Amino acid sequence: MMNNKDKKIPISPKIKDTENYLKKRLGIGVSFDLGFREIVLLKRKVQIYYVTGLCDSIIIQDLIKELVNLNDHESNSKKLPEIIENRLLHQQVNQAKTMDEAVDQMLSGLIVVFVDGEDYAFIVDVRNYPGRTPEEPDTERVVRGSRDGYTENIIENTALTRRRIRDARLRNEMLKVGERSKTDVCLSYIQDVADEGLIHLIKERIEAIEIDGISMADKTIDEFIINRKWIPYPLVRYTERPDVAANHLLEGHVLITVDTSPSVIILPTTFFHHLQHAEEYRQTPAIGTFVRWIRFFAVFASMYLLPLWLLFVMEPELLPKELAFIGPNEDGNISIPVQIVMAMVGIEFLRMAAIHTPNPLSTSMGLIAAVLIGQIAIDVGMFSPEVILYVSISAIGSYVTPSYELSISNKIVNILFVIITGMFGLYGFIGLFLVHLIVLASLKSLKTPYLWPFMPFNAKAMLHTIVRIPMPFTNSRPSIVHPKNNYRQPSKK
Amino acid sequence: MSEQNQQLEQNKQETPMTILSRSLLTGFIGGLLWSTFGTVLYYFNFSEVAPKSFVLSSWFHAEWIDTWLGNVVTIFLIGLLSLLTALIYFGLFKKINSIWVGVAYGFLLWVLIYYIMNPIFSTVPKVADLNMNTIVTTICVFILYGTFIGYSISYDYHDFHRADDNKNS
């Protein structure tokens with residue numbers, strides 16, 4: 001069945017053959033959602049094929065009404081195809097020469113009109129996919145700024161981007177992925193800004209994908225184009241905000257939009273892209289910088305606070321005398337590293353439970369969690385109060401991370417830090433610190449070093465990472481995307 | 001015509017002179033950053049040798065060296081000395097685009113400073129007399145420092161020549 005991609009079947013002029021072929025290939029009559037309507041125009045049969053649910057019935061009815069009315073006004077049955085084309089009152093009418101094209105289009109929700117005696121079919125784009133209207137994405141809320149977000153519809157998504165960049169040089173290239181699912185994948189970039197090598201590389205990798213279907217949309221694409229093995233760190237950035245996506249396009253990044261997913265992939269991505277948030281750019285530069293520093297601090301705390309504290313508990317002689325008070329006042333019944341790991345796993349329980357718990361139950365769940373883990377565990381003598389304190393700070397720190405993917409990977413590394421530090425003490429901590437940093441630095445996402453601009457160091461970009469520079473002074477695009485056109489605005493001198 | 005201009009703009013991002021000056025800047029910042037890191041680790045007793053032992057206490061005896069001012073001056077001086085290590089890396093290894101060269105460079109620096117040049121620094125004990133914590137910590141700091149400088153310089157150099165390759169192909 002899949003092989004007829006190569007030898008394409010032309011559309012037969014006999015409409016009976018077409019009908020039989022389609023019945024056999026698509027299972028019309030077996031599948032309830034596929035159907036056709038036969039009408040007779042100027043004594044010739046015309047069949048309209050559709051998929052219920054994917055097309056707009058009102059438009060189809062209007063089209064049929066217009067076509068049937070032909071019988072009263074027209075008489076030249078030889079010119080029927082031209083007359084029909086003229087009377088298909090829609091801006092998107094195309095012709096298909098082969099059966100495969102017709103079937104593909106029909107299954108995407110377009111209607112196909114076959115006319116008896118003709119070896120081509122008309123295709124009218126009356127698609128109307130079930131979906132929601134744009135709403136603010138849950139994971140990237142801002143206090144000020146636009147509240148529209150991408151939806152599951154690729155056409156709406158590219159339109160949301162296009163609305164922000166009306167540049168004639170913005171390109172939205174459509175590719176198809178999935179032998180069976182035939183999912184639309186759109187590659188967006190600004191032609192005279194984005195690096196051609198990068199576009200070429202991404203396109204090559206997307207076209208090389210051979211899979212039956214990509215129901216998990218963007219995630220599957222991400223796994224095919226990025227070679228990550230078992231590294232938990234997110235090597236691409238997702239966003240559901242059109243303003244963030246448009247801003248990255250202007251910087252010279254490339255976007256991948258996948259149909260059926262509201263998350264758009266931004267390429268190339270570095271570690272520090274995952275620490276940015278639209279909110280910073282909606283506030284004054286000073287506030288943006290403040291917010292960013294607090295966030296960096298929180299992310300650092302979520303990584304290193306627990307293992308450091310554990311280290312100081314295990315080897316109190318490390319503490320300078322001003323800080324000698326750090327450490328549990330009384331030894332608990334369970335050793336501290338085990339306590340920490342247990343508490344961390346407990347917090348993960350809560351986090352995962354919070355995702356699945358229906359809203360009415362979540363309040364009571366929070367209550368149980370607070371009382372159970374917070375108070376009773378201490379009273380019973382399982383946890384020392386400090387463990388709860390530091391595990392909580394570390395957990396809150398990980399929620400501050402704007403990228404969900406990054407916060408989870410940091411969490412894994414954090415647990416690893418606690419275990420290794422618990423086993424090997426100072427050697428374990430400092431050794432893992434070194435290995436972690438070197439592994440992160442050696443990661444590459446589409447030939448882009450992951451820790452850029454920190455390692456390899458780039459002073460200007462690092463400044464832009466640490467400080468939220470006011471827009472009028474952001475004259476050039478980040479060098480990491482190798483923009484063809486470096487200047488965002490004429491630099492004032 | 002305009003197409004060609006854009007091509008040129010993409011390629012002329014960095015000239016060789018700015019590559020060198022950027023490498024020196026990387027060296028300076030690297031020196032500041034990792035000597036700060038080393039000072040913090042000394043404060044938390046990870047290491048019994050402070051960065052200031054190498055640049056200040058071995059040479060001068062003054063009250064202020066033991067205050068925070070001593071640390072600040074140390075960090076700045078190491079930043080300046082770091083220009084030299086960046087220059088050496090730039091001269092010798094810039095063409096090898098691998099992070100591991102930086103790692104090795106950092107380790108070699110450690111061997112050079114702690115083993116070979118040890119007699120110069122009067123306040124730094126011999127490696128045999130250092131405790132294990134100090135050795136592990138200082139090796140890690142030096143490796144991170146070497147990686148920071150080495151990887152940055154090599155990447156910068158290759159990034160610049162990448163543009164050349166594009167022009168030729």
Side-chain angles (χ1 to χ4, degrees), chain A residues 169 191-197 252 308 311-312 315-323 326 424-444 447-460 462-463 476-477 479-487, chain B residues 2-3 5-14 21-23 25-30 33 37 41-47 97-100 102-103 106 131-144 147-160 162-163 165-166 169:
Chain A
R169 289 152 288 191
Q191 194 205 4
D192 62 337
V193 175
D195 179 26
E196 239 153 63
L308 258 182
L311 186 63
F312 292 144
E315 300 177 29
E317 67 276 5
L318 290 177
L319 285 169
K321 57 182 181 301
E322 301 88 9
L323 295 172
I326 291 176
F424 303 106
L426 185 141
Y427 308 145
F429 178 77
I430 199 94
L432 190 58
F433 182 82
L434 175 77
V435 171
H436 180 222
L437 216 56
I438 301 255
V439 166
L440 279 188
S442 66
L443 278 185
K444 289 208 166 171
K447 298 183 178 167
T448 307
Y450 196 49
L451 279 191
W452 186 92
F454 172 60
M455 222 190 229
F457 185 70
N458 182 314
K460 197 173 155 214
M462 198 64 215
L463 186 70
S476 58
R477 304 196 155 91
S479 66
I480 196 68
V481 298
H482 302 110
K484 276 199 240 174
N485 178 334
N486 219 356
Y487 299 103
Chain B
S2 70
E3 190 105 313
N5 282 344
Q6 283 163 10
Q7 276 294 317
L8 287 174
E9 198 173 326
Q10 180 179 24
N11 295 336
K12 70 165 188 210
Q13 269 176 13
E14 261 82 49
S21 58
R22 274 151 52 104
S23 300
L25 181 64
T26 302
F28 182 66
I29 303 274
L33 181 73
F37 188 64
L41 288 182
Y42 170 71
Y43 178 72
F44 282 105
N45 299 315
F46 278 56
S47 154
N97 188 17
S98 163
I99 192 168
W100 302 111
V103 173
N131 64 23
M132 214 37 204
N133 280 1
T134 306
I135 295 178
V136 171
T137 305
T138 49
I139 288 181
C140 281
V141 174
F142 270 83
I143 288 181
L144 285 171
T147 315
F148 183 87
I149 289 193
Y151 191 37
S152 305
I153 293 176
S154 296
Y155 178 79
D156 227 29
Y157 181 81
H158 274 262
D159 209 37
F160 172 70
R162 193 193 92 105
D165 294 345
N166 280 359
S169 64

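Keep in mind that what you see is a predicted model, and the values were worked out from it rather than measured.
With sequence neighbours excluded, the residues that form a side-chain contact (heavy atoms from CB on, under 4.5 Å) with A:Glu322 are A:Pro320, B:Tyr43. Taking the side-chain hydrogen bond (donor to acceptor under 3.5 Å, both in side chains) definition, one finds that B:Ser98 meets it with nothing, sequence neighbours left out.
Contacts with chain B were tallied for A:Gly431, A:Gly425, A:Ala441, A:Pro453; A:Ala441 has the most, counting heavy-atom pairs under 4.5 Å. The choice from A:Ile438, A:Leu318, A:Leu323, A:Leu434 that makes the most heavy-atom pairs within less than 4.5 Å of chain B is A:Leu318.
Looking at A:Leu451, there are no atoms closer than 4.5 Å to chain B (heavy atoms on both sides), in backbone or side chain. For a residue to count as touching a neighbouring chain, one of its non-hydrogen atoms must lie under 4.5 Å from one of that chain's; by this rule A:Glu315 touches chain B with the side chain only. Contact annotation for A:Leu426: only side-chain heavy atoms (C-beta onward) come within less than 4.5 Å of a heavy atom of chain B. Neither the backbone nor the side chain of B:Val141 comes within contact range of chain A; no heavy atoms are under 4.5 Å apart. Using a 4.5 Å cut-off between heavy atoms, A:Ile430 touches chain B through backbone and side chain atoms alike. B:Ile153 does not touch chain A: none of its heavy atoms, backbone or side chain, sits under 4.5 Å away. Looking at B:Ile29, only its side chain comes within 4.5 Å of chain A, counting heavy atoms on both sides. Contact annotation for B:Ile149: neither backbone nor side-chain heavy atoms come within less than 4.5 Å of a heavy atom of chain A. The part of A:Phe429 that comes within reach of chain B is its side chain, from C-beta onward, which places non-hydrogen atoms under 4.5 angstrom from that chain.
Between B:Asn131 atom CG and B:Thr137 atom OG1 the span is 8.5 Å, to the nearest 0.5 Å. Note that CG of B:Asn45 and OG1 of B:Thr134 are 9.5 Å apart. Values are rounded to the nearest 0.5 Å. Between the CG atom in B:Asp156 and the CZ atom in A:Phe457 there is a gap of 10.5 Å [rounded to 0.5 Å].
Counting only heavy atoms from C-beta outward, the side chains of A:Trp452 and A:Ser479 approach each other to under 4.5 Å.
Taking the six-membered ring for Trp and thresholds of 30 and 60 degrees, A:Phe312 and B:Phe46 have ring planes more than 60 degrees apart, a perpendicular arrangement.
Ring centroid separation for the pair B:Phe148 and B:Phe37 does not come in under the 6.0 Å cut-off.
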